[in-house]
Amino acid sequence: MYAIEKELKMLRQFISPKHREGLEKWKCYSEDEIAETEKRLRGKLPLPIRDIYRYMADLLVTSGYLRPLELLHREGSYLGFFLAPGEGDIIGIKISESSGELYAWEENDPNDTAWEYEDELVTAYEDGAEEEKRKAAAAYQKYWKRLNIPLIHSPLNVHKLEHGPGFNHLLDAYGLFLVLHAIREWEEMTWMEHADEPTCLFSEFFPAQFRREYFQNIADRIKDDFKPLSDHPELIELQDFPLQMAYVHKDREALLVLGQEPVCFMLLTKGAAGRELLEKVQEQTGLAFHVGF
């Protein structure tokens with residue numbers, strides 16, 4: 001398993017300043033805070049998880065995909081970090097394993113009380129109330145300790161995540177997928193509000209009927225200027241089509257991302273896209289790009 005620090009730092013450059021303002025109430029975590037959590041959990045967190053908390057916690061916690069570090073807790077033999085997009089399952093690891101494979105399960109909360117502590121922590125974060133944050137986190141941990149020692153609630157219904165596009169079964173691949181997913185969501189929700197700041201452009205929709213060759217031709221035409229964000233094989237979005245979820249331009253000023261489902265490309269730039277770059281991307285993909293869908 002390789003560190004994803006480089007990829008996360010790259011992606012962070014393409015979170016628009018207008019979106020960063022919405023992330024200010026949360027934060028990324030320091031090494032000291034991670035070490036304190038590891039001491040509480042009596043074990044080291046996997047490297048990809050450490051990187052995600054250090055470089056992308058504000059984006060993923062705000063988007064509802066990453067559990068705040070203060071709320072990490074053991075549940076039986078498992079440790080959950082993520083919420084699956086569109087689902088209620090917790091996604092995490094089996095503590096005794098070092099493979100980095102992911103598992104999903106529905107947390108056992110027979111009193112349906114855990115969410116109250118989570119809400120209290122979120123409110124304290126938004127208010128900047130340090131003492132209230134500590135109280136909410138301590139109450140949450142006490143609650144889960146009571147459930148787990150002794151382990152009196154029903155056994156977890158755990159299943160290992162399957163290999164598949166957009167739902168990856170290893171920590172590093174899944175972490176990158178979630179970051180890309182969250183960036184896409186933020187851009188898609190706000191493009192109308194910032195149409196005069198064209199740092200996010202959308203391509204025309206892909207043809208309704210297409211073959212593998214259509215996407216292979218695009219992959220071949222963009223390869224001189226765009227390189228995959230990661231060489232992780234699980235970040236191929238379409239099962240039988242050879243397109244990665246995200247490509248970084250050779251000058252690192254643009255990111256080409258597959259849109260939802262996917263039906264189009266999203267072009268993210270650090271500043272307004274220049275005419276030369278835009279014309280080249282349109283020529284390479286064979287698709288027109290514009291503000292909005």
Between Lys270 and Arg252, is there a donor-acceptor pair closer than 3.5 Å when you use the side chain of the first and the backbone of the second? yes
State, without any angle test, whether Asp220 and Gln216 hold a side-chain donor-acceptor pair at a distance under 3.5 Å. yes
For the side chain of Glu38 and the backbone of Leu45, is there at least one donor-acceptor N/O pair under 3.5 Å apart? yes
Going through the checks in order, is the side-chain contact (heavy atoms from CB on, under 4.5 Å) test met by Glu185 and Tyr65? CA-CA 12 Å; Glu185 281 194 328; Tyr65 297 135; 2.8 Å; yes
Main chain of Phe289, side chain of Gln282: is a donor-acceptor contact present, judged purely on distance under 3.5 Å? yes
Do side-chain atoms of Asp251 reach the backbone of Glu253 as a donor and acceptor pair under 3.5 angstrom? yes
Tyr174 and side chain to side chain contact (heavy atoms under 4.5 Å, CB included): which single residue from Val179, Ile52, Leu102 fits? Leu102
Closest non-hydrogen atom pair between Asp89 and Ala104, with its separation: OD2-CB, 4.2 Å
Counting only heavy atoms not in Glu276, do more than 12 fall under 6.0 Å of its CD? no
Is the number of heavy atoms from other residues, nucleotides or ligands within 6.0 Å of NZ (Lys27) greater than 12? yes
Euclidean distance, Leu60 CG relative to Ile183 CD1, rounded to 0.5 Å: 9.0 Å
Considering only heavy atoms from C-beta outward, does the side chain of Met56 approach that of Leu11 to under 4.5 Å? yes
Ala182 and Ser63 have their tightest heavy-atom pair at CB-OG, 3.7 Å
Quick one: does Gln141's side chain have a donor or acceptor within less than 3.5 Å of a partner on Glu70's backbone? yes
Glu283/Lys280 ion pair, N-O < 4.0 Å: no
Would you say the side-chain atoms of Arg50 pair up with the backbone N or O of Lys44, donor to acceptor, closer than 3.5 Å? no
Counting distance only, does the side-chain N/O of Arg54 pair as donor-acceptor with the main-chain N or O of Glu31 below 3.5 Å? no
I'd like to know if the side chain of Tyr103 reaches the main chain of Tyr78, judged simply by a donor and an acceptor atom lying under 3.5 Å from each other, with no hydrogens or angles considered. no
One pair to check against side-chain contact (heavy atoms from CB on, under 4.5 Å): Lys94 and Val158. What are the steps and the verdict? CA-CA 10 Å; Lys94 190 171 185 179; Val158 177; over 6 Å; no
First locate atom CG of Leu171, then atom CZ of Phe82, and finally report the distance between them rounded to the nearest 0.5 Å. 6.0 Å
